[in-house]
Amino acid sequence: MKQPQAIGAEFFERPAARVARDLIGAQLVRRLDQRILSFRITETEAYEGVHDLASHSSRGRTARNEVMFGPAGHFYIYRIYGLHWMLNVVTGKLGEAAAVLIRGVEGISGPGRVALALGIEASLRGMPASPASGLWFGYPEQNDKPKIKRTPRIGVDYAGPIWANKKLRFVRI
DNA sequence: GCAGTGATCATA
DNA sequence: ATGATCACTGCC
């Protein structure tokens with residue numbers, strides 16, 4: 001099966017909201033054993049830099065989030081509630097510490113279920129999105145122009161009303 | 001609505 | 001060392 005061209009690192013060297021929007025309709029591709037799984041992305045969230053009170057990076061650099069402070073196009077992966085893996089890709093300038101969370105792909109809703117379906121685990125932390133790492137993004141179909149809706153992000157009330165209400169979640173409609 | 005789950009981080 | 005928190009999910 002022919003795969004779309006892999007999206008390179010420069011795509012991610014832009015503001016998180018732009019990347020999050022442009023990833024809707026793109027492919028998320030995983031190589032597991034010798035198999036290639038490919039899913040169309042349907043839902044993302046942007047987490048801006050250290051000024052974004054909903055972003056992990058706003059509470060400073062720690063062992064968990066240090067990948068966020070590194071180069072764009074690498075995976076920020078962490079575990080939440082002791083069981084669910086969250087898949088993010090770092091965006092923006094080096095040290096900006098922004099990222100995009102992959103919340104949903106076609107047929108699969110919820111970030112934990114996305115990670116489960118793709119076999120995401122700790123060994124991918126900090127790896128670049130590329131065929132060499134076994135997990136990467138592919139450009140959307142040329143004639144696929146999805147309608148996109150913007151809403152507040154899910155589960156970030158702890159950030160306070162200003163940041164919790166910003167429309168940084170992108171959903172294919 | 002809410003329990004489960006355990007890594008992570010601040011505090012000490 | 002201890003305790004609170006958590007970018008969630010599944011079942012009621």
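Bear in mind the structure is a predicted one, so any value in this text is a computation, not a measurement. In what follows, every chain begins at residue 1, and chains take the letters A, B, ... in the order their sequences are listed.
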From CA spacing to verdict: side-chain contact (heavy atoms from CB on, under 4.5 Å), A:Leu168, A:Arg150:
CA-CA 7 Å; A:Leu168 291 171; A:Arg150 295 183 63 147; 4.0 Å; yes

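Reading DNA chain C from its 5' end, the first and the last nucleotide to sit under 4.0 Å from a heavy atom of chain A are C:dC6 to C:dG10.
A:Glu43 pairs with exactly one of A:Arg169, A:Arg172, A:Lys149 by the side chain to side chain donor-acceptor pair (under 3.5 Å) rule, that one being A:Arg169. Partner A:Tyr78 forms a ring pair (Phe, Tyr, Trp, His ring centres under 6.0 Å) with one of A:Tyr76, A:Phe75, A:Tyr81 and no other, that one being A:Tyr76.
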Where each pair must be Watson-Crick or G-U wobble with both distances under 3.5 Å, what dot-bracket representation of DNA chain B is obtained, with crossing pairs in [ ] and other-strand partners as |?
||||.||||||.

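Within 4.0 Å (heavy atoms only), A:Arg64 reaches sugar-phosphate atoms of the nucleic acid but no base atom.
Using a 4.5 Å cut-off on side-chain heavy atoms (C-beta onward), A:Arg153 and A:Trp163 make contact.
With sequence neighbours left out, the side-chain hydrogen bond (donor to acceptor under 3.5 Å, both in side chains) criterion links A:Glu66 to no other residue. By the side-chain hydrogen bond (donor to acceptor under 3.5 Å, both in side chains) test, A:Glu141 pairs with no residue at all, sequence neighbours left out.
Within residues 159-173 of chain A, no residue has any heavy atom under 4.0 Å from DNA chain C. Within residues 92-117 of chain A, the residues approaching DNA chain C are A:Leu101, A:Arg103, A:Gly110, A:Pro111, A:Gly112, A:Arg113, by heavy-atom distance under 4.0 Å.
Atom CG of residue A:Leu116 and atom CD1 of residue A:Ile108 lie 8.5 Å apart, to the nearest 0.5 angstrom. To the nearest 0.5 Å, atoms CD1 (A:Ile77) and CG (A:Asn88) are separated by 8.0 Å. Atoms CD and CG, from A:Glu121 and A:Leu87 in turn, are 11.5 Å apart once rounded to the nearest 0.5 Å.
Ionic pairing of A:Asp22 and A:Arg14 is present here: one or more N-O contacts between side-chain nitrogen and carboxylate oxygen are shorter than 4.0 angstrom.
Side-chain N/O atoms of A:Ser55 and A:Glu48 include no donor and acceptor closer than 3.5 Å.
Following rounding to the nearest Å, A:Ile77 (CD1) and B:dT8 (C1') show an atom-to-atom distance of 17 Å. Going from atom OH of A:Tyr158 over to atom C1' of B:dT8 covers 14 Å, rounded to whole Å.
Position along DNA chain B of the nearest nucleotide to A:Arg125 versus A:Tyr81 favours A:Tyr81 as the more 5'-ward residue.
Taking the six-membered ring for Trp and the full ring otherwise, the centers of A:Phe137 and A:Phe11 sit at least 6.0 Å from each other.
By the criterion of side-chain heavy atoms lying less than 4.5 angstrom apart, applied directly or through intervening Ile, Leu, Val, Met, Phe, Trp or Tyr residues, A:Ile120 is not grouped with A:Val90; the two fall into different hydrophobic clusters.
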